[in-house]
Peer 1: 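Here you go, one structure.
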2 protein chains.
Amino acid sequence: MTDVKTGPNPLFLRDEELVQGIELLFYAYRDFTEDPDAVLEEYGFGRAHHRVVHFVARNPGMSVAELLEILRITKQSLSRVLGQLVERGFVVQRKGTRDRRQRLLYLTETGRDLAERLTEPQKRRVARAYRGAGADAVEGYRKVLTGLIDDGRHETASGPVRRR
Amino acid sequence: MTDVKTGPNPLFLRDEELVQGIELLFYAYRDFTEDPDAVLEEYGFGRAHHRVVHFVARNPGMSVAELLEILRITKQSLSRVLGQLVERGFVVQRKGTRDRRQRLLYLTETGRDLAERLTEPQKRRVARAYRGAGADAVEGYRKVLTGLIDDGRHETASGPVRRR
DNA sequence: CAATATATGTCAACGTGACTGACGTAAAGA
DNA sequence: TCTTTACGTCAGTCACGTTGACATATATTG
């Protein structure tokens, strides 16, 4: 399918532009995970641990179900990683008071340190890109990424996970 | 580390904004891979196959080394996936004429069909996001993502892989 | 030409992080 | 009381990455 028959599209909707948009996301994500990977290796952890630590840091007291919903993985898959984080003292689980079936998730002091070590290089990378691109570009970056997400107005576009 | 002591930063460099930038990338990438995954399943392929097919489609005649450089994986890792694609008739390898040690990569007709089926939903998703965000936002999206990549002026920001 | 370097492939072993399916328990809710 | 929900666990499987060692053909260089 070429552009020829697509009629009067704005330039930024040409096929080539779209494929560039796809590849940019691939490259950015590829390089984005580099920095924390080095830190994780020190601990013998992987990216899965990173994700858990990150989202628990952002949403202290979140339930297991909420975490699963964000990560879009199965509980069996989460259990190994979460179990290790608990066992090694990075995460604690406390029974919910409102609903005592829930095991609400919190980082320990150590966990918060790890979270900071993981986030810091990523924040630096984003800050560098933001600075280089300017405020308007940042606004566009956010708009487009938000539009790429399944629910265009995903919670995270405007803050941490919404609680029920 | 709070913002308090960071002095006169533009608003878009506040800690909270940076973390949002990080998470947006996570969510977008997560949802971005959904669409092609369904197609891949029909063929019994995985994301690794997708990546190979995509980049060979974009760069017909690229060398194995070039592909490895883009994917940032080992040749042993590539070999399984590439072998399957060749065996099942999606990719062909031809000896380079300039350097006969090289096995240059091309898609077959079937391979191009698969590539199109995989790319199409992603292009639609990007087009939707672009349309919703507007031309200026697209410009910003590109600027920021390019800045996130290790080499800020990565080849793909302005076209296919550069050949030697 | 001989020696070395490069491009690619292959065998083998291993680790992480996903998956499905089945089953168990405690607590909430109808 | 009965059913549903939140969570955990056991077991098996698969995709896809890794390291390390070695093989082959071709290119390049002294």
Side-chain angles (χ1 to χ4, degrees), chain A residues 26 29-30 33-34 36-38 40-41 43-54 56 61-88 91-106 163-164, chain B residues 26 29-30 33-34 36-54 56 61-88 91-106 163-164:
Chain A
F26 167 78
Y29 197 82
R30 181 194 65 180
T33 48
E34 268 179 5
D37 280 356
L40 289 163
E41 216 173 332
Y43 294 79
F45 286 151
R47 285 188 197 170
H49 300 86
H50 182 183
R51 289 180 208 125
V52 170
V53 166
H54 175 94
V56 175
M62 77 191 306
S63 73
V64 171
E66 285 169 339
L67 183 53
L68 289 175
E69 167 56 25
I70 287 182
L71 299 178
R72 299 265 174 89
I73 60 175
T74 61
K75 59 180 178 176
Q76 296 92 326
S77 202
L78 175 62
S79 85
R80 235 177 287 169
V81 167
L82 184 55
Q84 289 166 4
L85 287 170
V86 168
E87 194 189 343
R88 293 179 48 187
V91 171
V92 288
Q93 295 181 275
R94 286 208 285 269
K95 279 190 181 177
T97 49
R98 203 175 55 246
D99 183 338
R100 289 175 32 210
R101 292 171 302 180
Q102 294 182 323
R103 298 297 130 87
L104 305 183
L105 304 170
Y106 301 88
R163 274 341 194 307
R164 306 146 305 165
Chain B
F26 167 79
Y29 197 82
R30 180 194 66 180
T33 48
E34 268 178 5
D37 280 355
V39 178
L40 290 163
E41 216 173 333
E42 289 179 37
Y43 294 79
F45 286 151
R47 286 187 196 170
H49 301 85
H50 182 183
R51 289 179 207 126
V52 170
V53 166
H54 175 93
V56 175
M62 76 191 307
S63 72
V64 171
E66 286 169 338
L67 183 53
L68 289 175
E69 167 55 26
I70 287 181
L71 300 178
R72 299 264 174 89
I73 60 176
T74 60
K75 60 179 176 177
Q76 296 92 325
S77 199
L78 175 61
S79 86
R80 236 176 287 170
V81 168
L82 184 55
Q84 288 166 4
L85 287 170
V86 168
E87 193 189 343
R88 293 179 47 187
V91 171
V92 288
Q93 295 182 274
R94 286 208 285 268
K95 279 191 180 174
T97 49
R98 205 176 52 247
D99 182 339
R100 290 177 29 210
R101 293 170 302 180
Q102 294 182 324
R103 299 297 129 88
L104 305 183
L105 304 169
Y106 300 88
R163 273 342 193 308
R164 308 144 304 166

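Basis for what follows: all heavy atoms, side chains included, without hydrogens, waters or symmetry-related copies. Each chain gets a letter, A, B and so on, in the order the sequences are listed, and its residues count up from 1.
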Peer 1: What residues form a salt bridge (charged side-chain N to carboxylate O under 4.0 Å, His left out) with B/Glu87, not counting sequence neighbours?
Peer 2: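 By the salt bridge (charged side-chain N to carboxylate O under 4.0 Å, His left out) rule, B/Glu87 matches no residue at all.
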
Peer 1: Taking only side-chain N and O atoms of A/Ser79, does any of them lie within less than 4.0 angstrom of OP1 or OP2 on D/dG8?
Peer 2: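 Looking at the OP1 and OP2 atoms of D/dG8, neither is under 4.0 Å from any side-chain N or O of A/Ser79.
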
Peer 1: Quick one: which of C/dA18, D/dG17, C/dT8 gets closest to the side chain of B/Val64?
Peer 2: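 The answer is C/dT8.
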
Peer 1: Across the strands shown, which category fits B/Arg80 at heavy-atom distances under 4.0 angstrom: base, sugar-phosphate, nothing?
Peer 2: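 If one applies the 4.0 Å heavy-atom cut-off, B/Arg80 turns out to touch a base.
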
Peer 1: By the 4.0 Å heavy-atom rule, please label A/Glu41 as base, sugar-phosphate, or nothing.
Peer 2: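 No contact at all - A/Glu41 keeps every heavy atom at 4.0 Å or more from the nucleic acid.
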
Peer 1: Given that B/Leu78 and A/Arg47 both sit by DNA chain C, which one's nearest nucleotide is further toward the 5' end?
Peer 2: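 Result: B/Leu78.
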
Peer 1: Kindly write out the residues that satisfy salt bridge (charged side-chain N to carboxylate O under 4.0 Å, His left out) with B/Arg100, not counting sequence neighbours, or none if the list is empty.
Peer 2: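 For B/Arg100, no residue satisfies salt bridge (charged side-chain N to carboxylate O under 4.0 Å, His left out) once neighbours in sequence are set aside.
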
Peer 1: Applying salt bridge (charged side-chain N to carboxylate O under 4.0 Å, His left out), can you list everything that pairs with B/Arg88, at least two apart in sequence or on another chain?
Peer 2: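 Applying salt bridge (charged side-chain N to carboxylate O under 4.0 Å, His left out) to B/Arg88 gives none.
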
Peer 1: Treating primed atoms plus P, OP1 and OP2 as sugar-phosphate and everything else as base, which nucleotides of nucleotides 22-30 of chain C get B, S or - for protein heavy atoms under 4.0 Å?
Peer 2: B----BS--

Peer 1: Take the C1' atoms of the five end pairs on each side of the helix from C/dC1-D/dG30 to C/dA30-D/dT1, get both axes, and report the angle to 10 degrees.
Peer 2: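 End-to-end axis angle: 30°.
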
Peer 1: Just to be sure I understand the rule, does B/Gln84 reach a base, reach only the sugar-phosphate, or reach nothing, if contact means heavy atoms closer than 4.0 Å?
Peer 2: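 Nothing, no nucleic acid heavy atom in range.
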
Peer 1: Could you list the donor-acceptor pairs under 3.5 angstrom formed between side-chain atoms of residues 75-86 of chain B and any protein atom two or more places apart in sequence or on another chain?
Peer 2:
| unit_1 | atom_1 | unit_2 | atom_2 | d |
| --- | --- | --- | --- | --- |
| B/Ser79 | OG | B/Gln76 | O | 3.1 |
| B/Gln84 | OE1 | B/His49 | NE2 | 2.6 |

Peer 1: First locate atom CD of A/Gln93, then atom NZ of A/Lys95, and finally report the distance between them rounded to the nearest 0.5 Å.
Peer 2: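 These two atoms lie 11.5 Å from each other.
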
Peer 1: Check every atom of D/dT19, D/dG17, D/dC7 against the side chain of A/Gln102 and return the nucleotide holding the closest atom.
Peer 2: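 Nearest to the side chain of A/Gln102 among the choices is D/dC7.
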
